[in-house]
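Nothing here was measured: the structure is a model prediction, and the numbers come from that model. Letters go in sequence order (proteins before strands), and every chain restarts at 1.
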Amino acid sequence: MSDEVNELKQVRLHKLAELRAQGIEPYGGRFERDTVTAHIRNGFAEMEGKKVRIAGRVMARRIHGKAGFANLQDQSGQVQLYFRADDLGEQRYELFKSMDLGDIIGVEGTVFLTRRGEISVQVEDFTYLAKSLNPLPEKWHGLRDVELRYRQRYVDLIVNPPVREVFVRRSQIVREVRRFLDEEGFLEVETPMMQPIPGGATARPFVTHHNALGVDLFLRIAPELYLKRLLVGGFERVYEVNRNFRNEGISTRHNPEFTMLEVYQAYADFNDIMDLTERLICTVVERVLGNMKVRFQDTELDFTPPWERITMLEAIARYAGVDFSTVRDEEGARQEARALGLDIDPAASRGEVINEVFEELVEPHLVQPVFVTSHPVELSPLAKRNRDNPEFTDRFELFIMNREIANAFSELNDPLDQRQRFEQQVAKRARGDAEAHFMDEDYLNALEYGMPPAGGLGIGIDRLVMLLTDSPSIRDVILFPTLRPL
RNA sequence: GGGCCAUUAGCUCAGCUGGUAGAGCACCUGACUUUUAAUCAGGGUGUCGUUGGUUCGAGUCCAACAUGGCUCACCA
């Protein structure tokens, strides 16, 4: 970071040289541990009086003349160490006294209980595993500066234990998602992150360049079109959990790279996927949190199934008081929306108006888990039309805490309809919509071979993790969120 | 991208209407053999985000820029 070596680091560099002068290697190698700090604390009844070998970072130190204490932190937690000159000899004891907060050491000693009732390890020998040259943040307040916490997550993780808990839980959530899908007979696959045509979502892509091929490639905005090619190929249940990249704004709910789960099930439709989604999330919540009620900020979310299912038009009728099913023409729809106080583009189609009304007037009401179904067709260029009402699609979005957590539909497998939808998107792109879909001839070619009817699902993993870890910002659930380089 | 706010020691933060830089933790020196935010005595370690401007004088007022946060817009 800074090229100026401050005095605190200077002191530590001097200590480092001193260690080497004494023939002590400050950066040790393999250290065989036989337990971890949490095990000593949780299993004290059996551990008392036993000899243990543990390793970790020195987080606090209290020296009392010829004896002293230190807190040793490993991934599992902390345990107190007790150093005595009588046990260690003058020379080793001096070495203990010259230790810095942040140093990583390996320790051999005996588990005991202090007079004050603190589970501790009486150190018989210790070894340097890594000398720390940078001082740790303040022991009481930790690292508060948000920018530093994200830029130097390694420091954040050292001094702010709850942060580590969030990422442990994130890992558990992803593991349980995989376990659920594996148990349901889904096959995990990997499809290209670098795509010649970015498809599967409405978003701006990142562009990169392949030198040997001499072509531009796009970081994927979604895996959807590749996963559906696999349905054509005969895989009937596939999923992928991986990164998507969208070249758009950064906010508390958006990171340019984020993790997406997509699931496809042949011979199913969006109703089957709704059931699957409910079971998936309930299973994950149950297995990870052990409770169907989850507190998010000031709200208690109840995941107990079944979740409400409501069409988009019903939701609008309920929360905005307008029944768009009776408003057939575009101008009438625009007038209704303007009467509700919305600013509507004169060129907006009926479906776009309905979507606008939904987003502005309905989403703020959707707190508890609810499936909203039947979206206008022009907003869903990859979804199958509803048989009875072809202006709408067999699609749903899951809303929790006003946020879209999942998006799913019956997949459009009619190659002629799909071609028309692409053509409409290409026309939008020609009118300047940088987020409209590209024509993808190879995808159409795949559909022309015949794709079984299928239901597909996308879940934003980061947002799910936010909900289940009570994290208000997406940056709190991404280890290294995107920041402007310094 | 717009609006608002923040930026002072390694960290957490004070610093009033402009007068030449402070505290706690950490660190250094000494005392202390069961403490735990250990305690006691002593020591301040700084390009006040950057660059300009106003002024006799700027951490403080003004402007621009940088980085970040919140928020709006866009999206998932």
Side-chain angles (χ1 to χ4, degrees), chain A residues 1-2 4-12 14-15 59-71 78-88 93 96-98 100-102 112-120 122 132-152 155-156 158-160 200-205 221-222 224 243-262 343 359 397-399 403-407 433-435 458-464 466 472-476 481 483-486:
Chain A
M1 294 298 288
S2 82
E4 292 297 315
V5 177
N6 69 49
E7 187 185 324
L8 295 173
K9 186 184 283 187
Q10 204 66 258
V11 168
R12 292 183 176 214
H14 182 70
K15 286 182 181 177
M59 296 301 290
R61 226 170 23 136
R62 298 170 290 281
I63 293 177
H64 305 251
K66 295 281 185 275
F69 299 88
N71 294 350
Q78 292 193 358
V79 76
Q80 178 171 267
L81 304 179
Y82 181 43
F83 295 79
R84 294 204 322 164
D86 291 350
D87 298 334
L88 295 162
Y93 189 73
F96 156 69
K97 286 211 291 184
S98 73
D100 284 303
L101 297 188
F112 77 109
L113 197 66
T114 65
R115 248 181 247 160
R116 295 295 201 83
E118 180 78 16
I119 296 168
S120 307
Q122 185 155 355
S132 171
L133 299 180
N134 290 327
L136 288 175
E138 216 245 3
K139 65 179 174 186
W140 197 238
H141 299 95
L143 186 64
R144 291 279 181 77
D145 184 283
V146 193
E147 183 176 357
L148 269 183
R149 286 187 46 225
Y150 297 149
R151 285 195 193 279
Q152 299 184 36
V155 181
D156 191 29
I158 292 169
V159 299
N160 295 327
T202 49
R204 293 168 197 252
I221 55 176
E224 174 159 352
R243 221 66 65 80
N244 288 351
F245 306 86
R246 298 190 185 174
N247 205 339
E248 285 161 359
I250 296 176
S251 76
T252 49
R253 297 185 193 182
H254 302 88
N255 198 63
E257 52 177 314
F258 62 100
T259 300
M260 187 77 160
L261 165 71
E262 289 206 9
D343 186 21
E359 286 183 0
E397 290 178 302
L398 169 65
F399 284 87
R403 300 151 192 221
E404 183 197 334
I405 297 296
N407 178 26
D433 184 347
E435 294 177 354
I459 294 181
I461 293 295
D462 310 272
R463 291 184 175 181
L464 181 63
M466 285 169 68
S473 171
I474 197 170
R475 291 180 211 104
D476 294 327
L483 294 176
R484 190 183 296 273
L486 288 178

Out of U36(B), G10(B), A76(B), which nucleotide sits closest to the side chain of L8(A)? G10(B)
Taking the C1' atom in each of G44(B) and G24(B), what is the distance between them to the nearest angstrom? 13 Å
Of all the nucleotides listed (A76(B), C74(B), C28(B)), which has the minimum atom distance to the side chain of K15(A)? C28(B)
Under a 4.5 Å cut-off applied to non-hydrogen side-chain atoms, are L101(A) and P135(A) in contact? no
Sugar-phosphate only, base, or nothing, as touched by I405(A) at under 4.0 Å among non-hydrogen atoms: nothing
Quick one: on RNA chain B, does G460(A) or K66(A) contact a more 5' nucleotide (nearest heavy atom)? K66(A)
With sequence neighbours excluded, residues passing side chain to side chain contact (heavy atoms under 4.5 Å, CB included) with S473(A): Y150(A), T252(A), R475(A), D476(A)
Using the side-chain heavy atoms of T114(A), tell me which of these nucleotides is nearest: C11(B), U35(B), A37(B). U35(B)
Using the six-membered base ring of A76(B), report whether F258(A) stacks on it, requiring centroids under 5.5 Å and planes under 30° apart. yes
Where does RNA chain B form stems of at least three consecutive Watson-Crick or G-U wobble pairs, each pair having both distances below 3.5 Å? B:1-7 with B:66-72, B:10-13 with B:22-25, B:27-31 with B:39-43, B:49-53 with B:61-65
Using the test side chain to side chain contact (heavy atoms under 4.5 Å, CB included), find all partners of N247(A) that sit at least two apart in sequence or belong to another chain. R204(A), F206(A)
Sticking with atom C1', work out how far U20(B) lies from C56(B), rounded to a whole angstrom. 13 Å
When the C1' atoms of A23(B) and C4(B) are compared, how many Å lie between them, rounded to an integer? 30 Å
Let me know the distance between CE of M59(A) and C1' of A38(B), rounded to the nearest Å. 18 Å
Is a donor-acceptor pair below 3.5 Å formed from side chain R62(A) to base U35(B), judging by atom type as modelled? yes
Closest approach of A201(A) and A222(A), non-hydrogen atoms and distance? CB-CB, 4.1 Å
What residues form a side chain to side chain donor-acceptor pair (under 3.5 Å) with E257(A), not counting sequence neighbours? R243(A)
Base, sugar-phosphate or nothing for E404(A)? Non-hydrogen atoms, less than 4.0 Å. sugar-phosphate
Counting only side-chain heavy atoms from C-beta out, which of C11(B), A38(B), A76(B) sits nearest to K139(A)? A38(B)
Using a 4.0 Å heavy-atom cut-off to protein, can you give one letter per nucleotide of nucleotides 64-71 of chain B, 5' to 3': B if the base is in contact, S if only the sugar-phosphate is, - if neither? ---SSSSS
Sorted by chain and number, sequence neighbours left out, side chain to side chain contact (heavy atoms under 4.5 Å, CB included) with S132(A) holds for R12(A), D103(A)
4.5 Å side-chain heavy-atom contact, M466(A) and I474(A): yes
Whole-Å P distance, C62(B) and A6(B): 11 Å
Distance between C1' atoms of A14(B) and U8(B) (Å, rounded): 10 Å
Counting side-chain heavy atoms from CB outward, which of U12(B), U36(B), C32(B) is closest to H64(A)? C32(B)
Heavy atoms under 4.0 Å is the rule here; annotate nucleotides 46-51 of chain B 5' to 3' with B where the base is hit, S where only the sugar-phosphate is, and - elsewhere. ------
What nucleotide among C28(B), G24(B), U35(B) has an atom nearest to a side-chain atom of E138(A)? G24(B)
Below 3.5 Å, can you tabulate the donor-acceptor pairs from side chains in residues 79-87 of chain A to any protein atom, sequence neighbours excluded?
| from | atom 1 | to | atom 2 | distance (Å) |
| --- | --- | --- | --- | --- |
| Q80(A) | OE1 | R62(A) | NH2 | 2.7 |
| Q80(A) | NE2 | S120(A) | OG | 3.0 |
| R84(A) | NE | D87(A) | OD2 | 3.3 |
| R84(A) | NH2 | D87(A) | OD1 | 3.3 |
| D87(A) | OD2 | Q122(A) | NE2 | 2.7 |

Rounding to the closest angstrom, what is the interatomic distance between U29(B) and A63(B) at atom P? 48 Å
Which part of the nucleic acid does G458(A) contact within heavy-atom distance under 4.0 Å: base, sugar-phosphate only, or nothing? nothing
Gap in Å between the two P atoms, one belonging to G59(B) and one to C48(B), rounded: 8 Å
Taking any heavy-atom pair under 4.0 Å as a contact, classify R61(A): base, sugar-phosphate, or nothing. sugar-phosphate
Could you tell me whether N255(A) contacts a base, only the sugar-phosphate backbone, or nothing, with contacts defined as non-hydrogen atoms closer than 4.0 Å? base
With heavy-atom distances below 4.5 Å as the criterion, would you say the side chains of K139(A) and V159(A) are in contact? no
Who are the salt bridge (Lys or Arg N to Asp or Glu O under 4.0 Å) partners of E118(A), not counting sequence neighbours? R41(A)
Results of ring-ring contact (aromatic ring centres under 6.0 Å, His included) for H141(A) - residues two or more places apart only: none
Residue list, side chain to side chain donor-acceptor pair (under 3.5 Å) with N255(A), at least two apart or on another chain: T482(A)
What does R144(A) touch in the nucleic acid at a heavy-atom separation under 4.0 angstrom: a base, only the sugar-phosphate, or nothing? sugar-phosphate
Nearest heavy-atom contact between K9(A) and N134(A) is CE-OD1, 2.9 Å
Mind checking the P distance from C70(B) to A31(B)? Whole angstroms is fine. 49 Å
From CZ of R116(A) across to C1' of U39(B) the rounded distance in Å is 12 Å
For R246(A), the side chain to side chain donor-acceptor pair (under 3.5 Å) test, sequence neighbours excluded, returns none
